[in-house]
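The first residue of the sequence shown is numbered 1, and numbering continues consecutively from there.
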Amino acid sequence: MKFGFVSGRPCLDFAGTLKHRNSTCAERLTEPAVLSEWAVQAGLVDVGIEVTAADLAAAIEVREGIYRTAIARLDGARPRPADVDLLNERAARPRLTPRLLMTGAISREGTAAQLIATLAADLLDLLAGPDIANVKRCAHPDCTLLYVDFSRAKNRQWCGMATCGNKVKVQAFRARQRASAH
């Protein structure tokens with residue numbers, strides 16, 4: 001399975017593994033091996049990690065806490081107390097740590113628990129830093145991805161131009177074509 005990484009932060013990309021939250025809800029983390037695959041594609045580990053069903057359940061619980069907490073921040077609301085406790089507890093655990101090898105190369109490896117801790121801590125780092133002011137929701141009505149707007153003018157509207165931005169522009173073009181045909 002191929003994942004997209006357009007959010008600008010691992011925690012937000014991870015929150016995006018449940019797509020279309022407002023409609024059909026498409027779960028991308030369908031089995032433990034998929035979480036490992038996501039971590040490799042995200043560049044958080046170099047090779048797959050062992051993930052159990054319990055690890056996957058814990059990861060999904062943290063993912064949902066990440067999403068709810070980020071949305072609460074965007075809406076100017078307080079996060080759920082249970083999410084605060086969960087994210088603080090997970091972020092306090094040992095995280096993925098790159099290792100310098102004698103060759104000068106870097107090795108990124110770890111466990112599922114360290115991956116989950118890293119993702120929880122990434123959200124806390126995001127919330128505590130200046131980038132939180134630039135977190136936005138994708139403007140496409142069917143997309144629920146969150147992203148950090150790193151554009152110079154801070155006017156990015158879509159999670160990705162190649163995906164949602166293009167869909168909106170094609171829909172608008174077709175609507176103009178239909179309107180001019182009548």
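- Remark: T103 engages no residue in a side-chain hydrogen bond (donor to acceptor under 3.5 Å, both in side chains) (not counting sequence neighbours).
- Going from atom CG of L86 over to atom CD of E61 covers 4.5 Å, rounded to the nearest 0.5 Å.
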### Chi angles and distances behind the side chain to side chain contact (heavy atoms under 4.5 Å, CB included) call for L126, V135
CA-CA 9 Å; L126 175 63; V135 173; 4.1 Å; yes
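- Here the shortest heavy-atom pairing between A59 and L35 reads CB-CD2, 3.6 Å.
- Summarising the geometry, atom CG belonging to D46 is positioned 5.5 Å from atom OG belonging to S107; distances are rounded to the nearest 0.5 Å.
- Counting heavy atoms from C-beta outward, N134 and K154 have side chains that approach closer than 4.5 Å.
- Under the 4.5 Å side-chain heavy-atom criterion for grouping Ile, Leu, Val, Met, Phe, Trp and Tyr, L96 is not connected to V47 through any hydrophobic cluster.
- Rounded to the nearest 0.5 angstrom, Q41 CD and S36 OG are separated by 10.0 Å.
- In this structure, the side chains of T17 and F3 come closer than 4.5 Å at one or more pairs of heavy atoms.
- Comment: E37 does not engage R28 in a salt bridge, judged by the lack of any side-chain N to carboxylate O separation of less than 4.0 angstrom.
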### Message
Before you tell me yes or no, could you show the steps for T111 and I49 under side chain to side chain contact (heavy atoms under 4.5 Å, CB included), namely the whole-Å CA-CA distance, both residues' side-chain angles and the distance that decides it to 0.1 Å?
### Response
CA-CA 6 Å; T111 65; I49 57 176; over 6 Å; no
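- Looking at every heavy atom in both residues, L87 comes nearest to A120 through O-CB, 3.9 Å.
- Residues L146 and L74 form a side-chain contact, since some pair of their non-hydrogen atoms from C-beta on lies under 4.5 Å apart.
- Here CD1 of I66 is found 7.5 Å from CG of D122. Values are rounded to the nearest 0.5 Å.
- By the rule that hydrophobic residues join a cluster once side-chain heavy atoms approach within less than 4.5 Å of another member, I132 and V148 end up as members of one cluster.
- Remark: E27 engages R63 in a salt bridge, criterion side-chain N to carboxylate O under 4.0 Å.
- Put simply, CZ on R78 and CG on D83 are 14.5 Å apart, with the number rounded to the nearest 0.5 Å.
- Side chain of N22 to main chain of C143: no donor-acceptor pair is present (N/O by atom type, distance under 3.5 Å, no hydrogens or angles).
- The two atoms that bring Y67 and A15 nearest to each other are CD1-CB, 4.0 Å, heavy atoms only.
- Classification of D75 and R137 as a salt-bridged pair holds, one side-chain N sitting under 4.0 Å from a carboxylate O.
- Between the CG atom in D125 and the CG atom in D131 there is a gap of 10.5 Å [rounded to 0.5 Å].
- M1 and V45 fall within a single hydrophobic cluster, where Ile, Leu, Val, Met, Phe, Trp and Tyr are joined by side-chain heavy atoms under 4.5 Å apart, directly or via other members.
- Here the closest heavy-atom approach between residue L44 and residue R108 is recorded as O-CB, 3.7 Å.
- With hydrogens and angles disregarded, no donor-acceptor distance shorter than 3.5 Å links the side chain of R68 to the backbone of I71.
- D142 has its side chain within reach of S23: a pair of non-hydrogen atoms, C-beta onward, lies under 4.5 Å apart.
- Among all heavy-atom pairs drawn from D149 and S151, the shortest one is OD1-OG, 2.6 Å.
- Here the side chain of T97 pairs a donor or acceptor atom with the backbone of R95 at under 3.5 angstrom.
- L127 is listed as a side-chain neighbour of T69, based on a closest heavy-atom distance under 4.5 Å.
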### Message
L100 vs I106, test: side chain to side chain contact (heavy atoms under 4.5 Å, CB included). Steps then yes/no.
### Response
CA-CA 5 Å; L100 178 63; I106 299 295; 3.8 Å; yes
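- The aromatic rings of W38 and F5 sit tilted, their planes meeting at an angle between 30° and 60°.
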#### Entry: Steps toward side chain to side chain contact (heavy atoms under 4.5 Å, CB included) verdict (W158, L145)
CA-CA 9 Å; W158 302 290; L145 289 180; over 6 Å; no
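- Shown here for A91 and L124, the closest heavy-atom pair between the two residues is CB-CD1, 3.4 Å.
- Taking 4.5 Å as the limit, every side-chain heavy atom of T118 sits out of range of all side-chain heavy atoms of F14.
- Counting only heavy atoms from C-beta outward, the side chains of L123 and L119 never approach each other to under 4.5 Å.
- By the criterion of side-chain heavy atoms lying less than 4.5 angstrom apart, applied directly or through intervening Ile, Leu, Val, Met, Phe, Trp or Tyr residues, V34 is grouped together with V51 in one hydrophobic cluster.
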